[in-house]
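Every chain is numbered from 1 and lettered A, B, ... according to where its sequence line falls, protein lines coming before strand lines. We use all heavy atoms of the structure for the numbers below, so side chains are in, but hydrogens, waters and symmetry mates are not.
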Amino acid sequence: MSDIRVRFAPSPTGYLHVGGARTALFNWLFARKMGGKMILRIEDTDTQRSSEEMVRGILEGMAWLGLDYDEGPFFQSSYVEQHRAAANQMLDSGWAYRDFTPKEERDDSTIKQQIADAARQPKALNPYRDLGREESDERAATGEPFVIRFKVPEEGKTSFDDAVYGTQERDYKDIEDLVLLRSDGHPLYNLGVVVDDIEMGITHVIRGQDHISNTHKQILIYQALGKPVPKFAHLPLILAPNKGKLSKRKHGEIVSVTTYRDAGFVPDAFVNFLALLGWAPDDESVRDREIFSRQELINLFTLEGIHKSNAVFNFNEGDARNWTDQKALWMNAEYIKTMPLDQLMPMVIAELKKTRLWRDEFAVEKKAWFDRTIDLIRERFRTLADFSTYGRPYFVDDLSFEFDEAAVKKNLRKDPALMTLLPELADRFAALEEFSHDATEAAMRAFADEKGVKAGLLINGARTALTGQSVGPSMFDVIVAVGQERTVARLKHAAIIVN
RNA sequence: GGCGCGUUGGUGUAACUGGUUAACACGCCGCCCUCUCAAGGCGGAGAGCACGGGUUCGAGUCCCGUACGCGCUACCA
């Protein structure tokens with residue numbers, strides 16, 4: 001057990017999206033690899049935009065991904081007193097000052113313009129920056145509103161060694177006197193994180209690259225507070241297909257991890273996919289592999305393996321089949337068809353319960369059949385949801401499954417003779433004493449010879465009659481899985497479907 | 001505008017401290033198998049490493065510049 005402590009600190013302004021999920025994952029992998037602690041902290045200081053529902057969404061997302069934490073969840077909003085105390089401490093030590101500029105003068109609507117203007121001028125120092133402490137105290141005592149700003153020294157620079165991006169430096173003159181405490185007494189983000197990270201003994205801050213410039217400000221605060229600065233590792237961003245920033249507002253549900261849960265992703269598969277977005281193992285012996293178990297990921301994970309350029313997450317809204325990154329879909333399929341059946345089973349059962357296809361007998365008297373059937377059909381499924389859609393014909397006794405129009409046309413309507421052949425075939429099947437793969441195949445082929453038709457005609461016709469589809473596993477496996485009774489009934493029913 | 005970061009096939013990644021025809025995966029295309037395919041097997045196309053200079057016997061790997069992208073630049077996080 002090491003004393004390494006990391007944290008995932010999302011702000012609950014929306015659901016957990018894939019970018020946040022990956023940040024959480026990398027923190028988690030690092031903590032597990034190093035034998036450290038993972039802490040969850042909700043950054044809810046912006047009460048306007050935070051809600052309990054969003055917090056629940058984040059917790060749900062993490063639980064689904066299997067990212068557990070050792071401490072927390074802590075809520076940043078419950079530490080405001082400590083934040084204020086830290087701000088006052090900096091005021092006392094001369095690292096901060098009260099700024100009495102009325103809020104209206106720094107109104108949002110004019111901000112962009114001000115920035116643009118200010119950029120052309122040498123930095124104009126705030127008139128309150130060097131206001132005497134006594135006068136400052138007096139004005140504060142009269143109730144005049146003020147913010148507390150950090151007093152960035154005029155000369156010098158901050159620097160830190162980022163585990164991913166290397167040495168980072170920033171001239172003090174490029175850092176503005178940031179606000180620590182709002183005029184209503186609310187602590188702001190940069191103050192909050194630092195105080196909390198100190199309080200929680202965070203040793204490694206692993207977060208998105210969009211925080212890299214905040215880091216310089218935060219280092220200043222660490223120094224002003226006289227505390228050691230943690231190690232930093234900034235992660236490349238995950239971009240939308242247009243290479244823009246992933247945005248909840250613009251991209252909606254498609255970037256939410258709960259979407260992937262609901263669409264039938266296997267958590268390990270999604271974790272596997274996420275891990276490879278911006279990271280690759282250093283270990284050469286594993287270079288040409290892509291599928292890694294959770295434990296392998298933990299063993300292989302290193303901060304050095306994280307790379308610097310942003311990754312594109314290729315989702316594809318509107319395309320029903322390839323609605324999200326094709327590699328993610330491929331990987332999920334890979335997990336579904338290769339993972340140990342007993343690990344897959346609970347997920348399949350949950351899926352069938354969700355769609356009311358589950359029957360308790362599947363777990364008892366029909367268990368052997370159920371296991372065999374799942375093992376058979378999982379071969380070409382890509383999501384757990386496929387068990388309910390494409391798998392439906394195997395789980396219902398009636399004909400309440402969808403007959404794909406194209407399949408009906410291709411396999412049933414193709415030859416009118418099928419309308420008499422299929423019911424006749426049904427009779428042959430009904431007469432079979434042993435309803436096995438070989439027996440049904442022998443019966444069908446003999447029947448085809450007898451009638452002078454190609455076996456394929458009957459096989460494909462039967463496929464659609466039994467499952468409503470044009471694709472699926474080897475036909476005689478399907479027949480056995482569907483069973484004698486239902487096979488006979490559905491073959492006889494084929495004519496009705498066509499008409 | 002300023003500051004910072006990045007740039008290897010469509011996408012995700014690899015290429016030891018510069019040294020063979022730039023590798024792997026997804027996707028795509030074709031072939032084979034076959035009762036179908038969204039399965040399996042085999043093969044192929046696709047980047048000469050953003051661009052332009054330089055250093056070097058030799059650069060995707062080092063240096064400089066340009067372009068493009070992204071981030072930050074709030075009394076948001």
Side-chain angles (χ1 to χ4, degrees), chain A residues 9-13 43-46 48-50 76 99 101 103 106-108 111-112 114-120 123 145-149 162 164-166 168-171 173-176 178-186 188-190 192-193 208-214 216-217 234 236-237 239 241 243-245 273 276-281 284 287-291 307-314 321-322 325-331 333 337 379-382 386 390 407 410-411 441 444 454-464 469-476 478:
Chain A
S11 60
T13 54
E43 313 243 301
D44 58 346
T45 47
D46 184 354
Q48 300 286 319
R49 298 198 297 165
S50 302
Q76 188 159 64
D99 179 357
T101 310
K103 189 180 179 189
R106 296 174 179 276
D107 211 2
D108 274 13
I111 241 160
K112 294 270 182 211
Q114 282 184 6
I115 291 167
D117 291 346
R120 288 183 200 93
K123 181 157 111 186
F146 61 87
V147 300
I148 294 184
R149 307 187 90 99
D162 192 274
V164 176
Y165 290 93
Q168 299 293 309
E169 293 189 331
R170 178 82 99 250
D171 268 330
K173 66 174 162 51
D174 293 322
I175 305 175
E176 78 282 5
L178 62 147
V179 173
L180 266 14
L181 229 49
R182 276 201 259 169
S183 51
D184 61 5
H186 258 87
L188 254 23
Y189 172 71
N190 282 303
V193 243
Q209 180 246 64
D210 48 345
H211 284 289
I212 225 162
S213 43
N214 280 328
H216 294 281
K217 301 172 190 173
H234 286 91
L237 267 22
L239 270 23
K243 302 200 191 317
K245 193 183 183 184
F273 172 76
L276 263 19
L277 235 38
W279 173 82
E284 286 179 50
R287 277 285 153 73
D288 49 6
R289 286 177 51 200
E290 302 265 316
I291 304 287
H307 65 147
K308 301 180 174 76
S309 56
N310 296 161
V312 173
F313 179 49
N314 241 323
R321 178 162 166 74
N322 294 313
D325 198 294
Q326 294 195 309
K327 192 161 194 166
L329 249 11
W330 165 80
M331 200 169 268
K337 58 187 161 200
E379 178 69 20
R380 61 209 71 191
F381 286 173
R382 301 200 303 172
D386 289 343
Y390 299 119
K410 179 181 166 205
N411 292 335
E441 175 160 18
M444 189 185 271
K454 289 172 89 176
L457 180 73
L458 296 174
I459 289 170
N460 288 321
R463 187 190 313 282
T464 301
Q469 297 154 29
S470 62
V471 303
S474 173
M475 197 51 210
F476 299 100
V478 173

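Applying the side chain to side chain donor-acceptor pair (under 3.5 Å) criterion to A:Q209, with sequence neighbours excluded, gives no partner residue. Scanning for salt bridge (charged side-chain N to carboxylate O under 4.0 Å, His left out) contacts around A:D210 gives an empty result, with sequence neighbours left out. Applying the side chain to side chain donor-acceptor pair (under 3.5 Å) test to A:Y189 and every residue at least two apart in sequence or in another chain returns A:H211. Residues that satisfy the side chain to side chain donor-acceptor pair (under 3.5 Å) test with A:E441, not counting sequence neighbours, are A:R445. Residues satisfying the salt bridge (charged side-chain N to carboxylate O under 4.0 Å, His left out) criterion with A:R289, sequence neighbours excluded, are A:E296. Under the side chain to side chain contact (heavy atoms under 4.5 Å, CB included) criterion, A:Q76 pairs with A:R41, A:E43, A:D44, A:T45, A:H83, A:D196, not counting sequence neighbours. Taking A:Q168 as the reference, nothing meets the side chain to side chain donor-acceptor pair (under 3.5 Å) condition, with sequence neighbours excluded. Under the salt bridge (charged side-chain N to carboxylate O under 4.0 Å, His left out) criterion, A:E379 pairs with no residue at all, not counting sequence neighbours.
Applying the 90° criterion around 0 to the glycosidic angle, B:rG9 comes out anti.
When rounded to the nearest whole Å, the span between CD1 of A:I291 and P of B:rU13 equals 16 Å. Atom pair A:F313:CZ and B:rU13:P shows a separation of 13 Å (rounding to whole Å applied). Separating the CD atom of A:E169 from the P atom of B:rG2 is a distance of 20 Å, rounded to the nearest angstrom. Look at CG on A:N190: it is 11 Å from C1' on B:rA74, rounded to the nearest Å. Look at CG on A:L178: it is 12 Å from P on B:rA77, rounded to the nearest Å. Atom CE in A:M331 sits about 11 Å away from atom P in B:rG27, given to the nearest Å. One interatomic measurement links the two molecules: CG of A:D174 to P of B:rC5, which rounds to 12 Å at whole-angstrom precision. If you measure from atom CG of A:D171 to atom P of B:rG4, you get 8 Å, rounded to the nearest angstrom.
For the residue pair A:Y165 and A:H234, the shortest heavy atom distance occurs at CE1-O, 3.2 Å. For the residue pair A:L276 and A:E290, the shortest heavy atom distance occurs at CD2-O, 3.3 Å. In plain terms, the two heavy atoms of A:A407 and A:T464 that are nearest each other are O-OG1, 3.7 Å. Nearest approach of A:K243 to A:V312, heavy atoms of both residues: NZ-CG2, 3.9 Å. Across every non-hydrogen atom of A:P145 and A:S183, the tightest pair is CB-CB, 4.5 Å.
Separating the P atom of B:rU56 from that of B:rC68 is a span of 32 Å, rounded to the nearest Å. Separating the P atom of B:rC70 from that of B:rU8 is a span of 15 Å, rounded to the nearest Å. Taking atom C1' on both B:rG30 and B:rC63, the two are 46 Å apart, rounded to the nearest angstrom. Taking atom C1' on both nucleotides, B:rA25 is separated from B:rG9 by 13 Å, rounded to a whole Å. B:rA59 sits 13 Å from B:rG53 when the P atoms are compared, rounded to a whole Å. The C1' atoms of B:rG60 and B:rC16 are separated by 15 Å, rounded to the nearest whole Å. When the C1' atom is used for both B:rA67 and B:rU55, the distance is 23 Å, rounded to whole Å. When the C1' atom is compared between B:rA15 and B:rC76, the two are found 42 Å apart, to the nearest whole Å.
Residues A:K327 and A:D325 are not paired through a salt bridge, judged by the lack of any N-O separation under 4.0 Å between the basic side chain and the carboxylate. Ion pair A:R149/A:E176 not flagged as a salt bridge, since none of the NZ, NE, NH1 or NH2 atoms sits closer than 4.0 Å to an Asp/Glu carboxylate oxygen.
No contact: A:K454 has no heavy atom under 4.0 Å from any strand. Heavy atoms of A:Y165 sit under 4.0 angstrom from primed sugar atoms or phosphate atoms, though from no base atom. Within 4.0 Å of A:V147, counting heavy atoms only, lies at least one base atom of the nucleic acid.
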Report, as a single string ordered 5' to 3', how protein heavy atoms within less than 4.0 Å touch nucleotides 35-52 of chain B: B base, S sugar-phosphate only, - not at all.
BBBBSS------------
Counting primed atoms, P, OP1 and OP2 as sugar-phosphate and everything else as base, the B/S/- map of nucleotides 63-69 of chain B against protein heavy atoms under 4.0 Å is -------
Determine, for nucleotides 16-26 of chain B in 5'-to-3' order, which nucleotides have protein heavy atoms under 4.0 Å from the base (write B), from only the sugar-phosphate (write S), or from neither (write -).
--------SBS
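For the pair A:F273 and A:S183, nearest-nucleotide mapping onto RNA chain B gives the more 5' position to A:F273. Comparing A:N322 and A:P281 against RNA chain B, the residue whose closest nucleotide sits nearer the 5' end is A:P281.
At least one donor-acceptor pair under 3.5 Å links the side chain of A:R463 to the backbone N or O of A:P473.
Of the candidate nucleotides B:rC76, B:rU73, B:rG12, B:rU73 has the atom lying nearest to any side-chain atom of A:K217.
Of the side-chain N and O atoms in A:H307, one or more sit less than 4.0 angstrom from OP1 or OP2 of B:rU13.
Secondary structure note: stems in RNA chain B built from 3 or more consecutive Watson-Crick or G-U wobble pairs under 3.5 Å occupy B:1-7 with B:67-73, B:10-13 with B:23-26, B:28-32 with B:40-44, B:50-54 with B:62-66.
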